[in-house]
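A quick write-up on the structure given underneath.
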Amino acid sequence: KEMEELSSVLEGLKIAKIDSKIFIKAGELGFFIRRAGFTLPLTNLIITAQAMHYSSPIWTYDKHLSTLEKKLEIDLIYTL
């Protein structure tokens with residue numbers, strides 16, 4: 001049942017292309033948060049940079065992002 005619900009939600013999502021601007025932004029984010037004493041995995045940096053570029057919320061249960069939500073000025077969605 002959960003897989004069916006998840007599949008239904010995912011079918012409605014748009015896929016955004018990742019270009020070099022996103023990777024540059026991800027690097028900048030990584031530098032910024034490291035200077036603030038935090039680290040994020042590269043995948044999270046790319047997802048965050050993409051969301052910031054498109055002004056989109058991030059749908060996640062990832063605790064890495066939740067601890068940096070205010071510092072990065074991102075919107076997170078935690079529930080289906």
Side-chain angles (χ1 to χ4, degrees):
K1 181 182 176 188
E2 289 177 3
M3 260 325 258
E4 289 175 13
E5 289 177 13
L6 181 60
S7 293
S8 176
V9 169
L10 293 176
E11 286 175 5
L13 298 178
K14 294 181 181 178
I15 304 299
K17 293 184 180 186
I18 299 176
D19 60 23
S20 60
K21 292 176 189 173
I22 300 302
F23 287 104
I24 291 168
K25 180 67 174 175
E28 292 170 350
L29 286 171
F31 178 77
F32 169 75
I33 64 165
R34 273 192 300 279
R35 291 194 71 184
F38 300 95
T39 58
L40 273 182
L42 179 59
T43 51
N44 286 2
L45 291 169
I46 293 169
I47 290 166
T48 302
Q50 185 83 334
M52 293 170 101
H53 179 76
Y54 287 100
S55 300
S56 298
I58 300 172
W59 176 39
T60 185
Y61 292 107
D62 191 315
K63 294 190 189 301
H64 290 111
L65 290 176
S66 65
T67 60
L68 295 169
E69 183 174 11
K70 290 181 183 175
K71 184 167 281 304
L72 294 175
E73 299 178 9
I74 52 176
D75 295 320
L76 300 179
I77 299 171
Y78 298 100
T79 58
L80 295 175

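Worth saying up front: this structure is predicted, and the values here are computed from it rather than measured. Any value given below was found using the heavy atoms of this structure, including those in side chains, with hydrogens, waters and symmetry copies removed.
Hydrophobic clustering, defined by side-chain heavy atoms of Ile, Leu, Val, Met, Phe, Trp and Tyr closer than 4.5 Å, leaves F31 isolated from every other such residue.
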Inset, instruction - List the steps and the verdict of side chain to side chain contact (heavy atoms under 4.5 Å, CB included) for T60 and I47. - result: CA-CA 10 Å; T60 185; I47 290 166; over 6 Å; no
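L42 and L65 are not part of a single hydrophobic cluster, where members link through side-chain heavy atoms under 4.5 Å apart. Put simply, I46 and M52 are part of two different groups of oily side chains (I, L, V, M, F, W, Y) that touch within less than 4.5 Å, one to the next.
Taking the side chain as every heavy atom from C-beta outward, L68 and F32 never approach each other to under 4.5 Å.
Within the structure, the side-chain hydrogen bond (donor to acceptor under 3.5 Å, both in side chains) test picks out the following pairs touching residues 34-54 (sequence neighbours left out): N44-D62.
Between the S8 side chain and the E4 main chain, no donor and acceptor come within less than 3.5 Å of each other.
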Side-chain atoms of residues 16-29: list all donor-acceptor pairs with protein atoms under 3.5 Å, sequence neighbours left out, distances to 0.1 Å.
unit_1 : atom_1 : unit_2 : atom_2 : d
D19    : OD1    : K21    : N      : 3.0
D19    : OD1    : I22    : N      : 3.4

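In this structure, OG in S56 is found 12.0 Å from CD1 in I74, a value given to the nearest 0.5 Å.
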